[in-house]
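Order of the sequence lines sets the chain letters (A, B, ...), proteins ahead of strands, with each chain counted from 1. Computed from a predicted model, the values in this text were never measured in an experiment.
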Amino acid sequence: MNNKQDLEKKWQERWKSNLSFNASKKPDKKKPKYYVLEMFPYPSGNIHMGHVRNYTLGDVVARYKKANGYNVLHPMGWDSFGLPAENAAKENNIHPSEWTNKNVNTMKEQLKSMGLSYDWSREVSTCDPQYYKFEQKMFIDFFQKGLAYKKESWVNWDPVEKTVLANEQVIDGKGWRSNAVVEKKLLNQWFLKMTHYAEDLLETIESLTNWPDRVKLMQNNWIGKSLGANISFKIIEKDEKIEVFTTRPDTLFGASFIALAPSHPISLNLSKNNSTIKNFIDECNKNSTSEAIIEKNEKKGIYTNLNVVHPFDEGIKIPVYIANFVLMEYGTGAIFGCPAHDQRDLEFAINYKLPVLPVVKPKNYIKSDYKITDTAFTDDGVIINSSFLNGLNVTDAKKRAIEELERMNSGKSSTTWRLRDWGISRQRYWGCPIPIIKCNYCGDIPVPTEELPVELPYDINLDSPGNPLDAHPNWKFVKCPKCNKSAERETDTFDTFFESSWYFIRFTDPDIDIPFSKSIANYWMPVDQYIGGVEHAVLHLLYSRFFTRALKDCGYLSISEPFKGLMTQGMVCHQTFKSGDGKWVFPHEVEKKNNKFYHTVNGNEVFSGRVEKMSKSKRNVVDPLSIVNKYGSDTARIFMVSDSPPERDMEWSNAGVEGSYKFLNRILRIVNETQKPKKLINLDLVDNKNTVIKKIHQSIKDVTDGIESFRFNVCIAKLYELTNMISKLDSKTDFETSLKFYGLEILAQLISPFAPHHAEEIWSLMGHKILICDTDWPKFDKRFLSVEQISIGVQINGKLRGNISYNKNAEKEEIQELALSLSSVKNRLGGEKPKKVIIVPERIVNIVV
RNA sequence: GCGAGCGUGGCGGAAUCGGUAGACGCACUGGACUUAAAAUCCAGAGAAAGGUAACUUUCGUGGGAGUUCAAGUCUCCCCGCUCGCACCA
């Protein structure tokens, strides 16, 4: 224990006994509501710096909004289902639930030591049957509404462990534990019909004005609405057609091949009596299911011996290939390749020596010998080599081509989405059981509501291969609720994104025995400010947006957008260190001497590497607890926000932490050294030319604006400035003393969202009885913000040559005269008259010569 | 590969609208206090060249081009790094 910990504990206990941060149970009619939420953590064992940053950001907002008179909801919980618990179980022989609950308890204590303003009475943990039973009901509602369905889909299959692998468990095409070559396997799985809301999910993005543009763009591109055409190509060798989707019907005359997905029905059909094709498809199926890996692979294909006829010219014959880069999930699972105007197609054509005929020419290209060599031309231009499309631009040619296809009955305009339905089946133990009973006679029957929750069995063997629930001796064997014959439970569990798609609504009413009450959810929702990592920019946020819509359509609540405001924070990075033999070294084992680094234990020299995201594998982690123990959590919080803007990556540095620590101590010292005034200040009697009062009120404005716009680092800089000024103030007269005291009061309030414990401490040192967290946010008085004398730069030809100062009421002529009378300007003009003088009042004077 | 973002002194960063680049902090240097150190306080500082000095000049926001009276900010190209790519959360 040190005095920082005592200080912080004292105030944490006060907040706790005062219920300072408990949100009202019922809607508060007198105050506007504000819901602040940080992405809840996966209980991996200990909090890390990423959490500290995330939760500090949220806490600043929550405390600031409370001070501004809002009824604030600021809850915390645990995203406690997931793969790591199963891995830990296998490695350490501990049950996933024990491991998880132990971690939850540890991390909760750690979070509590940070003094975050959570309403802990609302805590939820998603692995609790009292939580997941509600989502089982939701799933059944989705199922009955046609929003959940079953279909076959590919998974990564480890043939040795007989288990499905997550993409991250596949390393270089091999299983991470077994090292066996991973295969793709088709499994019958549950899906949620996210595509049902594709149009709405896309269109509503625009209305999310408090979301970062980049996240909106990413979601836009992810949903990926493409307007184009479906075209059918007649196969010459048999009486069959290939349906192709394209966004570029204008380039149809440049088509030099057709490419089918390896799992396209025609491909599969051909493979039945052609071993070369079968081998090729098998080869493709050894590939990962990861789109990134598929696209990075070399473009490969195999000729099918089939050819199609060009729809616009029966004389043109186009070969049909099966290609590893065509996805069955997108469009029709078949494309036509136009190498001249698509880079992937071009690479493929070069590999297989297929013709490359340009059909779009850049507008400014006059000569007639336009050729494509190694770069496809994808911009707008003039159509060439294309019969009736010649001379048109790309947009018009698209239209014209579709008209013609429709007239000939061999194609039509069509819309395709990149967005796919959400596959939610996982062949794992530590997840929420899917509440379905598979009956040979009745099909898939939902578990009756009164039998929910379907709880996970505790006695489970995670060491045997295969799906643990499927392998359990009796768990899956039940009677069909409909016909009462023997049936089996669904043994898959939900994707853990399922839990995190509605936890934010559960927080609004976490004790009720329905998922949440509609009226209370309607009161608190949407989340006004959601804060978390950018890595969730697409999936989690899109799933939640979908889920809220589905819940709305099932009558659960009345809103469809869950998150009104979004802030995506950057990563916490740290310098890496390696020993001479190339092993990673923990930063706390490194000391610096004469600009070289040495290992504190063995004394050997170590070498500093790049600054990278903190990760256990690179050992460049700093344990938040060690920081809290040594400096207190306020220091950690101040440092978290002081250096980098929240959305950008930040670098953890010891020197920075020391700086924050000194800053807080300095404020404490100033308060201790400042005597209490005989009389408090009366602002009405203070002259608006007084620079001290001006600085104080400017600080209120700057810090307020900074918090509102998430520029917390600027807030801290402004607080430093205010502190620097206050520390230099005299207190010889009563007026000076009361002014300094007033400045300190404002400083305490302005710093309270960032360093809440110290703010309380100095507030009480100054003699206040109520908690600072219960005070109103200070307001600035415009009277003290006015600037009389304006100082601006004077440029000649855009280069700064001096500056002038004038009264804010000065006319343009006066400003010009002042600028031209500067000796530095006169010297440069040498008596000549300037060509032009640009005067932007309160900004700049630029003299053009 | 595709989509998105970022790049400013020795370092983290500031510059809200295209208008005095480098606020604030760290590290550094000098001074005060101290037997000494730590802590604290005061002062200095983008780089280069010139000057005893006050100062002067030139360069400068990853690189290159462009728009503009004026570009860290807008446009195009290039380089580097980061995130996401549907079973990690």
Side-chain angles (χ1 to χ4, degrees), chain A residues 39 41-42 44 79 81-84 155-156 164-170 189 194 212-215 217-222 224 289-297 299 325 329 343-344 347 418-428 495-497 500 533-540 542-543 568 570-571 573 610 612-613 639 642-645 647-651 653-660 662-663 665-666 669 705-706 709 711 713-714 716-721 724 727 791-803 835-838 840 842-848:
Chain A
M39 290 179 184
Y42 178 78
S44 53
D79 187 14
F81 269 141
L83 213 41
V155 292
N156 299 312
V164 177
L165 297 180
N167 283 334
E168 71 156 14
Q169 296 175 318
V170 181
Q189 309 201 71
M194 195 142 70
D213 287 336
R214 58 179 168 145
V215 174
L217 247 175
M218 280 191 259
Q219 292 222 350
N220 230 310
N221 294 335
W222 184 266
T289 56
S290 151
E291 193 171 309
I293 291 172
I294 294 171
E295 300 244 3
K296 256 186 236 159
N297 279 334
K299 317 278 172 287
F325 63 93
E329 290 81 21
Q343 194 59 34
R344 282 194 304 189
E347 281 168 39
R418 212 184 76 91
L419 183 72
R420 307 202 289 258
D421 283 338
W422 173 15
I424 49 165
S425 294
R426 297 291 180 273
Q427 298 68 34
R428 309 198 196 291
D495 174 7
T496 57
F497 273 123
S500 57
V534 237
E535 64 273 22
H536 295 292
V538 177
L539 289 181
H540 162 60
L542 199 58
Y543 290 143
T568 51
M571 298 177 303
C573 303
R610 284 183 23 202
E612 293 191 60
K613 178 187 179 173
F639 175 65
S642 61
D643 266 13
S644 308
E647 69 277 5
R648 224 188 289 177
D649 289 352
M650 65 168 290
E651 189 192 336
S653 80
N654 240 12
V657 178
E658 291 278 351
S660 301
K662 286 181 193 169
F663 176 50
N665 286 338
R666 186 164 163 229
R669 203 178 317 116
D705 292 351
S709 58
R711 295 192 343 261
N713 52 329
V714 182
I716 302 298
K718 298 294 176 187
L719 290 172
Y720 266 106
E721 285 184 25
N724 288 344
S727 75
S791 172
I792 61 169
V794 176
Q795 300 175 328
I796 294 176
N797 287 342
K799 279 194 176 170
L800 186 71
R801 295 302 177 196
N803 51 71
K835 245 190 219 161
K836 201 171 165 188
V837 180
I838 290 154
V840 186
E842 305 192 21
R843 291 224 178 261
I844 201 84
V845 176
N846 190 10
I847 298 159
V848 187

Original post:
Picking from B:rG1, B:rC41, B:rA86, which would you name as closest to the side chain of A:K296?
Top reply: B:rG1
**OP:** Choose from B:rC87, B:rC24, B:rU20 the nucleotide whose nearest atom is closest to any side-chain atom of A:A717.
**Re:** B:rC24
Original post:
Base, sugar-phosphate alone, or nothing: which one does A:V164 contact when heavy atoms must sit under 4.0 Å apart?
Top reply: base
Original post:
Would you say B:rA70 has OP1 or OP2 under 4.0 Å from some side-chain N or O of A:R801?
Top reply: no
Original post:
So, is A:N167 near the phosphate of B:rA86, with a side-chain N or O under 4.0 Å from OP1 or OP2?
Top reply: yes
Original post:
So what does A:I838 touch, heavy atoms closer than 4.0 Å: a base, only the sugar-phosphate, or nothing?
Top reply: base
Original post:
NA contact type, A:K799, heavy-atom cut-off 4.0 Å: base, sugar-phosphate, or nothing?
Top reply: sugar-phosphate
Original post:
In terms of ring plane angle, is the pair A:F497 and A:H536 parallel, tilted or perpendicular, where the classes change at 30° and 60°?
Top reply: perpendicular
**OP:** Give A:E329 one of three labels, base, sugar-phosphate or nothing, depending on what nucleic acid heavy atoms sit under 4.0 Å from its own.
**Re:** nothing
If you restrict it to nitrogen or oxygen atoms, what contacts under 3.5 Å exist between nucleotides 26-30 of chain B and the protein, and what is each distance?
none

Subject >> N/O (side chain, A:R711) to phosphate O (OP1/OP2, B:rA15) under 4.0 Å >> reply: yes
Subject >> Span that lies between the C1' atom of B:rA23 and that of B:rA45, in whole angstrom >> reply: 15 Å
Atom pairs under 3.5 Å: protein N/O with N/O of nucleotides 77-84 of chain B:
residue, atom, partner, partner atom, Å
B:rC81, O3', A:R610, NH2, 3.3
B:rU82, OP1, A:R610, NH2, 3.0

